[in-house]
Number of protein chains: 2
Amino acid sequence: MSALLSLLREQIEHFSPQEKRLAEHILENPEHVQRLGITELAAECGTSPATVTRFCKSLRFKGFPDFKMRLIGELSRPAEAGTYQDIVAGRPLKEIVRAIESNHLSSITDTTRLLDPEALERAVTALSSARRIDLYGMGTSSIVAQDFYQKLIRLGKSCTAFADSHMQITSASTLNEGDVALAISYSGETPETIAALQCAKDAGAMTLSLTRYGTSPLPALADIPLFTSSLEEGVRRGAMASRIAQLHVIDILFTGIVSEGFEEYVPMLEQSYHNVRQYLKPSGGA
Amino acid sequence: MSALLSLLREQIEHFSPQEKRLAEHILENPEHVQRLGITELAAECGTSPATVTRFCKSLRFKGFPDFKMRLIGELSRPAEAGTYQDIVAGRPLKEIVRAIESNHLSSITDTTRLLDPEALERAVTALSSARRIDLYGMGTSSIVAQDFYQKLIRLGKSCTAFADSHMQITSASTLNEGDVALAISYSGETPETIAALQCAKDAGAMTLSLTRYGTSPLPALADIPLFTSSLEEGVRRGAMASRIAQLHVIDILFTGIVSEGFEEYVPMLEQSYHNVRQYLKPSGGA
DNA sequence: AAATTATAAAGAAAAATATTTTCATTCATA
DNA sequence: TATGAATGAAAATATTTTTCTTTATAATTT
């Protein structure tokens, strides 16, 4: 609770009736009050603007705008990354925003803490030197695979990220030593993804997994298992925190690869960015 | 550096001479500016109050007080958790991890600060009551559209997220009043995405955009523009921070929708989760 | 190249809005 | 009944926005 709000709460008994109503209203929903003018605030509290100015002055502010300025300042401190919060019915949107921010922040910090630097190092090296890279994932994890695919393609890497599990297996069967397969699954238990990684392993590829932290079939199978923090519950409801954690790890891998081959890769990235604009610019026809 | 100030620095070259002087003055001493009235600020910059309001409006604020409010909010945040860091050649992986963590955390907190609660509220309401939802995005933004698509489908929403721009237009042409179109583009300048949203608007649909903060064609077109924090540089190199910011907003929208129809939606989410396991379990054949 | 026509930028002043002050009234208390 | 704190209505003031006009710049035509 901010200094200003605590002050109001503390002093509330010393206020006159109308001032008390003001204080209560402000304490009840400060985020709302911060976007009100003096007339609106007065109306919402069933009092007059004059009373509001006097109220602000009695709190030793120069006037209402001065008070509002302080309120805005105190309310705009970021939510701290804490425990994961579940979303329940009919909450005001501002609470939802706060909860989701907190979840996503936690997701990133927790995942970072979990990362095994050595495994990460090996993963980057493997991916960097891979002749070919296969990415496997079903459902939402397929989205993450697609994202990594788009990145790797820009580096000129030979890479596939089929959403179709038959195609994944088909692709996996053609891998060889020197190739890398990365399987993504939050639970680590997705049968199709396990099958694809098993197939890749049998074909001789180096296998990587990205799952939630804990024991599950996928990391057991992988040569290099990587983990995100786990969040339970929310996943079933399609929460994004798991996706963000996965993308966070993917970005670290990608940046690691780019950093290793900086001279070669950065021009390629810039080039692909410019070419998309360049070649699609002149005429809109197709 | 706060989102607002970075925006000013970024866009300063696109401003008119007087606006440039304003931006420079604000960047030079924001703490001082936050306690000025519009007349004083204008005087200090040797310009007129009219120019100042126009300047604020062009930055998508409701007016000068709205701008000042945001400035105050951003300045009163405790020392930045992290400025965006660019990745350079051959750094130890440990440093890369730290830099990326910092980038992603900033991306989320900055984006949260930027969210306009009112726009968010309207967006959630529009999406909740939409008869049909179209999602547009090219390249990496297409990934974000896909993610939202996967979520909305689980709620039984009628929704499309074509990656092909011809299909996007085709779909957009068939929209009607009561339908919603959401266009995603980091730059806000992707021609195909603009075309699709324009088409949707002409067809009578309510239009939403999700772009980086600032002025660009897409939010100008949209009925409800939503923004993520902007990070410039990294984007060209395919950095993930912009994606994470977009997904963060998407998750807020989605959770807002679910929260509005909690009783109806949560069972659907649980059901779809279980059905995927159930129906794919017994025999592996296909 | 010169002249003309758009277009954009910017300020002055008017209009609209927001805030503060003044003043009159009410209500509780002595 | 007098006193004074609390309050609101309305006037005064301050602030912001809009409108209108001028000026400068770019684009187009002759």
Side-chain angles (χ1 to χ4, degrees), chain A residues 4 8 11-27 29-73 75, chain B residues 4 7-8 11-27 30-73 75 116 118 189 214-217 219-221:
Chain A
L4 178 54
L8 289 184
Q11 301 267 310
I12 203 161
E13 288 310 324
H14 303 149
F15 293 151
S16 71
Q18 293 297 72
E19 288 181 337
K20 208 163 152 184
R21 288 173 71 178
L22 278 167
E24 276 164 6
H25 193 75
I26 294 164
L27 284 168
N29 195 346
E31 277 85 3
H32 169 68
V33 170
Q34 81 182 319
R35 34 193 98 252
L36 263 40
I38 194 173
T39 320
E40 294 158 302
L41 176 58
E44 285 191 7
C45 300
T47 184
S48 68
T51 303
V52 180
T53 338
R54 285 194 279 256
F55 173 73
C56 297
K57 293 240 170 102
S58 80
L59 290 167
R60 322 191 126 271
F61 290 98
K62 285 213 295 272
F64 176 71
D66 194 36
F67 171 84
K68 197 163 83 173
M69 180 169 142
R70 171 72 145 276
L71 186 65
I72 291 167
L75 288 176
Chain B
L4 178 55
L7 174 73
L8 290 184
Q11 305 257 311
I12 203 161
E13 289 310 323
H14 303 152
F15 291 153
S16 69
Q18 293 297 73
E19 288 181 337
K20 208 163 152 183
R21 290 173 70 177
L22 278 167
E24 275 163 6
H25 193 76
I26 295 165
L27 284 168
E31 279 83 3
H32 169 67
V33 169
Q34 80 181 319
R35 35 194 100 251
L36 263 40
I38 194 172
T39 321
E40 295 158 302
L41 177 58
E44 286 192 6
C45 300
T47 184
S48 68
T51 303
V52 180
T53 336
R54 283 193 279 255
F55 174 72
C56 298
K57 291 245 171 95
S58 80
L59 291 168
R60 322 197 114 266
F61 290 98
K62 288 214 280 276
F64 176 72
D66 192 36
F67 171 84
K68 197 163 86 174
M69 178 171 144
R70 172 76 128 273
L71 187 66
I72 292 167
L75 289 176
D116 173 3
E118 199 190 301
E189 291 167 355
T215 14
S216 59
L221 193 62

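Chain identifiers are assigned alphabetically (A, B, ...) following the order of the sequence lines, protein sequences preceding nucleic acid strands; residue numbering begins at 1 within each chain.
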What closest approach, in Å, do [X] and [Y] show between heavy atoms, and which atom pair accounts for it?
{"X": "B:Gly214", "Y": "B:Pro219", "result": "O-CG, 4.2 Å"}
{"X": "B:Leu27", "Y": "B:Ile12", "result": "CD1-CD1, 4.2 Å"}
{"X": "B:Ser58", "Y": "B:Thr215", "result": "O-CG2, 3.3 Å"}
{"X": "B:Leu36", "Y": "B:His32", "result": "CD1-O, 3.5 Å"}
{"X": "B:Gln34", "Y": "B:Lys68", "result": "O-CD, 3.5 Å"}
{"X": "A:Ala42", "Y": "A:Val52", "result": "CB-CG2, 3.9 Å"}

Protein-nucleotide distance ([X], atom [atom1]; [N], atom [atom2]), rounded to Å:
{"X": "B:Leu59", "N": "D:dT17", "atom1": "CG", "atom2": "C1'", "value": "16 Å"}
{"X": "B:Ile38", "N": "C:dT19", "atom1": "CD1", "atom2": "P", "value": "14 Å"}
{"X": "A:Phe64", "N": "D:dT15", "atom1": "CZ", "atom2": "P", "value": "15 Å"}
{"X": "B:Lys62", "N": "D:dT16", "atom1": "NZ", "atom2": "P", "value": "16 Å"}
{"X": "A:Glu40", "N": "C:dT17", "atom1": "CD", "atom2": "P", "value": "12 Å"}
{"X": "A:Met69", "N": "C:dT19", "atom1": "CE", "atom2": "P", "value": "15 Å"}
{"X": "A:Leu36", "N": "C:dT17", "atom1": "CG", "atom2": "C1'", "value": "15 Å"}
{"X": "A:Asp66", "N": "C:dT19", "atom1": "CG", "atom2": "C1'", "value": "13 Å"}

* To do: Could you check whether B:Thr39 gets within reach of a base, just the sugar-phosphate, or nothing at all, counting any heavy atom under 4.0 Å?
  => base
* Pairwise salt bridge (Lys or Arg N to Asp or Glu O under 4.0 Å) hits with a residue in residues 13-26 of chain B, at least two apart -> B:Glu13-B:Lys20
* Structure fact -> Once base and sugar-phosphate atoms are separated, protein heavy atoms under 4.0 Å mark nucleotides 24-30 of chain C, 5' to 3', with B, S and - as -------
Would you list the protein and nucleotides 14-16 of chain C atom pairs, both N or O, that sit under 3.5 Å from each other?
none

* **Sequence neighbours excluded - ring pair (Phe, Tyr, Trp, His ring centres under 6.0 Å) pairs with any residue from residues 35-63 of chain A** => A:Phe15-A:Phe55, A:Phe61-A:Phe67
* Taking the side chain as every heavy atom from C-beta outward, state whether A:Arg35 and B:Lys62 have any atom pair closer than 4.5 Å. => no
* Answer yes or no: is there a donor N or O on one side and an acceptor on the other, between the side chain of A:Glu44 and the main chain of A:Leu41, under 3.5 Å? => no
* Under the side chain to side chain contact (heavy atoms under 4.5 Å, CB included) test, residues paired with A:Thr51 that sit two or more places apart -> A:Gln18, A:Leu22, A:Thr47, A:Ser48, A:Arg54
* Structure fact -> In numerical order, the residues of residues 41-55 of chain B whose heavy atoms come under 4.0 Å of DNA chain C are B:Gly46, B:Thr47, B:Ser48, B:Ala50, B:Thr51, B:Arg54
